[in-house]
Amino acid sequence: MSILSEGAGHTAPIDLIIDTDPGADDVVALLLAMASPEELNIHAITTVAGNVRLEKTSRNARLAREWGGREDIAIYAGATRPLLRTPIYAADIHGEEGLPGVAVHEPTQGLATGSAIEYLVQTLSNAEPHSMTVAMLGPQTNLALALIQAPEIVQGIKEVIVMGGAHFNGGNITPVAEFNLFADPEAAEVVLSSGVKLTYLPLDVTHRVLTSDARLKQLAAVDNQAGKRVVGILDAYVRADMQRYGVEGGPVHDASVIAYLIKPALFSGRRIYMQVDSREGMTYGQTIADWHGVLAQPANVMWIDSADAQGFFDLLSTRLARLE
């Protein structure tokens, strides 16, 4: 039986670093996060190559910051490629610019000085013990590189929340692998083996939180620029999944991580043992989630498997209404 996810009942804002590869759903996630300062104290955004190349993910993160009116948040560019594997991208899903459905431009405000890896090492090394939460919305390369360079940074990490993995529903880039894990499984192994507290929001849950005509109309009814942008992005972005899976809506993967941080009661799951397959072959990038405990190994992740989908869209629409 599933249990309610951990983290319910927090009152102070979560000290948060968002590591991301925008990406359509990443931008929706960033807008949701930036509209929620009571729950989320965003220290910085770090970018990584993933859905598109680093220069575009970094630009898209800066666009999200501009659209969210949060120029106070520093953005650091990180890894241009995975630890070991040949880089892959998802332009077929997110478009050549990484942002379908809206016009892109060069934002006024630039990147912060220094690399994302340097920022993570310095910030997590100097943080109070177990005080910083890291939301991982793309390949886990930046945090893996920081952990390889300075393993002691684990002391500053409260929890790592990952959008990634798949078990019950299969993968979205191979029959068994989800894109973020497939893009850099070796990095995911580094993070998993570091001993940090880990929560995974896999396709098992994000494929339960789907758009619909009614939900897109709900977001459009916000009637501001933020709502219009999100509707434009999602209307274009979800079409590929609707065609592939034969469903009437599509997932908003990365925004589920932010919703989990803001309102964990919307989600449920349980602690399980998980491993990442980095062997070459058909199962490369697969997350082996021992949901039924057949391996009799100690649990090492909280695996979220269900969510209140309408509650998610209610939260998203309410928070977008706070933006311009």
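Only heavy atoms go into these numbers, but all of them, side chains included; no hydrogens, no water, no symmetry mates. Quick caveat, the model's predicted, so the values are computed rather than measured.
In this structure, Leu216 is a member of the same hydrophobic cluster as Leu32, with clusters built from ILVMFWY side-chain heavy atoms closer than 4.5 Å. A continuous path of hydrophobic side-chain contacts links Leu40 to Trp67 [ILVMFWY only; heavy atoms under 4.5 Å]. Put simply, Val160 and Ile153 are part of the same group of oily side chains (I, L, V, M, F, W, Y) that touch within less than 4.5 Å, one to the next. Hydrophobic clustering, with ILVMFWY side chains joined whenever heavy atoms are under 4.5 angstrom apart, groups Val154 together with Ile148. If you chain together hydrophobic residues whose side chains sit under 4.5 Å apart, Met34 and Val104 fall into the same group.
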* From CA spacing to verdict: side-chain contact (heavy atoms from CB on, under 4.5 Å), Glu97, Arg59 -> CA-CA 9 Å; Glu97 298 301 323; Arg59 180 205 58 204; 2.7 Å; yes
* **salt bridge (Lys or Arg N to Asp or Glu O under 4.0 Å) assessment of Arg62 paired with Glu71** => CA-CA 9 Å; Arg62 290 159 53 220; Glu71 286 79 4; over 6 Å; no
* To do: Could you go through the side-chain contact (heavy atoms from CB on, under 4.5 Å) check for Ile14 and Asn41 one step at a time?
  => CA-CA 6 Å; Ile14 296 168; Asn41 177 23; over 6 Å; no
* Go through Ile233 and Lys228 one step at a time and tell me if the side-chain contact (heavy atoms from CB on, under 4.5 Å) criterion holds. => CA-CA 9 Å; Ile233 291 168; Lys228 291 175 183 175; over 6 Å; no
* Apply salt bridge (Lys or Arg N to Asp or Glu O under 4.0 Å) to the pair Glu38 and Arg322, showing each step before the final yes or no. => CA-CA 12 Å; Glu38 297 92 343; Arg322 297 177 171 184; 2.9 Å; yes
* Asked: Checking side-chain contact (heavy atoms from CB on, under 4.5 Å) for the pair Val162/Thr199: CA distance, chi angles, key distance, verdict?
  -> CA-CA 6 Å; Val162 173; Thr199 294; over 6 Å; no
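Between Met274 and Val301, some side-chain heavy-atom pair lies under the 4.5 Å cut-off. With contacts defined as side-chain heavy-atom distances shorter than 4.5 Å, the pair Ile93/Tyr237 qualifies. Contact check for Val48 versus Asn142: side-chain heavy atoms found under the 4.5 Å cut-off. Side-chain contact check for Asp21 versus Tyr89: every heavy-atom pair is 4.5 Å or farther apart. Contact of the His94 side chain with the Leu99 side chain is not registered, since no non-hydrogen atoms from C-beta on lie closer than 4.5 Å. Asp254 is not listed as a side-chain neighbour of Val28, based on a closest heavy-atom distance of 4.5 Å or more. The shortest distance between side-chain heavy atoms of Thr46 and Ile18 does not fall below 4.5 Å. Considering only heavy atoms from C-beta on, Val196 comes within 4.5 Å of Val191 through its side chain.
Side-chain contact annotation: Glu189 with Ser278, donor-acceptor N/O pair under 3.5 Å present. Side chains of Asp277 and Thr283: a donor-acceptor N/O pair is present below 3.5 angstrom, by distance only. Defined by atom type and a distance below 3.5 Å, a donor-acceptor pair is missing between the side-chain atoms of Asn60 and Asp26. For the 3.5 Å distance criterion, the side chains of Ser256 and Thr206 fail to qualify, holding no donor opposite an acceptor.
Going from atom OH of Tyr200 over to atom OG1 of Thr287 covers 7.5 Å, rounded to the nearest 0.5 Å. Rounding to the nearest 0.5 Å places CD1 of Ile17 at 9.0 Å from CG of Leu143. Interatomic distance, Glu159 CD to Leu16 CG, rounded to the nearest 0.5 Å: 11.0 Å. Taken from CZ in Arg319 to CG in Leu31, the straight-line distance is 13.5 Å, to the nearest 0.5 Å. The distance from the CE atom of Met132 to the CD1 atom of Ile157 is 9.5 Å, given to the nearest 0.5 Å. Note that OG of Ser58 and CG of Leu111 are 5.0 Å apart. Values are rounded to the nearest 0.5 Å.
Heavy-atom neighbours of Met282 CE from other residues, nucleotides or ligands within 6.0 Å: at or below the threshold of 12. For Glu66, the CD atom counts as densely surrounded, since its 6.0 Å shell holds more than 12 non-hydrogen atoms of other residues, nucleotides or ligands. Annotation for Glu324: atom CD does not count as buried by contact number, only 12 or fewer foreign heavy atoms lying within 6.0 Å. Heavy atoms of other residues, nucleotides or ligands lying less than 6.0 angstrom from CD of Gln122 number 12 at most.
With Arg53 contributing its side chain and Thr80 its backbone, the two residues share no donor-acceptor pair below 3.5 Å. Under a 3.5 Å cut-off, the side chain of Glu128 and the backbone N or O of Ser131 do not form any donor-acceptor pair. Of the possible donor and acceptor atoms, one in the side chain of Asp184 sits under 3.5 Å from a partner among the backbone N and O of Leu83. Side chain of Arg208 to main chain of Asp204: a donor-acceptor pair is present (N/O by atom type, distance under 3.5 Å, no hydrogens or angles). Between the side chain of Glu178 and the backbone N or O of Asn180 there is at least one donor-acceptor pair closer than 3.5 Å. With hydrogens and angles ignored, the 3.5 Å screen pairs a side-chain donor or acceptor of Asn224 with a backbone N or O of Leu323. One N or O on the side chain of Gln155 and one on the backbone of Ser125 form a donor-acceptor pair closer than 3.5 Å. Under the 3.5 Å distance criterion, the side-chain polar atoms of Asp290 are matched with a main-chain donor or acceptor of Leu295. Counting only distance, with no hydrogens or angles, the side chain of Lys263 and the backbone of Gly311 share no donor-acceptor pair below 3.5 Å. Side-chain atoms of Thr211 come within 3.5 Å of backbone atoms of Gly250 as a donor-acceptor pair (strictly under, hydrogens ignored).
Identified under the ring-ring contact (aromatic ring centres under 6.0 Å, His included) test for residues 165-185, with sequence neighbours left out: Phe168-Trp291, Phe182-Tyr284.
For Gln218, the side-chain contact (heavy atoms from CB on, under 4.5 Å) test picks out Arg215, Gln310, Phe313, Asp314, Ser317, with sequence neighbours left out.
Of the residues Val257, Ile75, Leu137, the one that meets the side chain to side chain contact (heavy atoms under 4.5 Å, CB included) test with Thr20 is Leu137.
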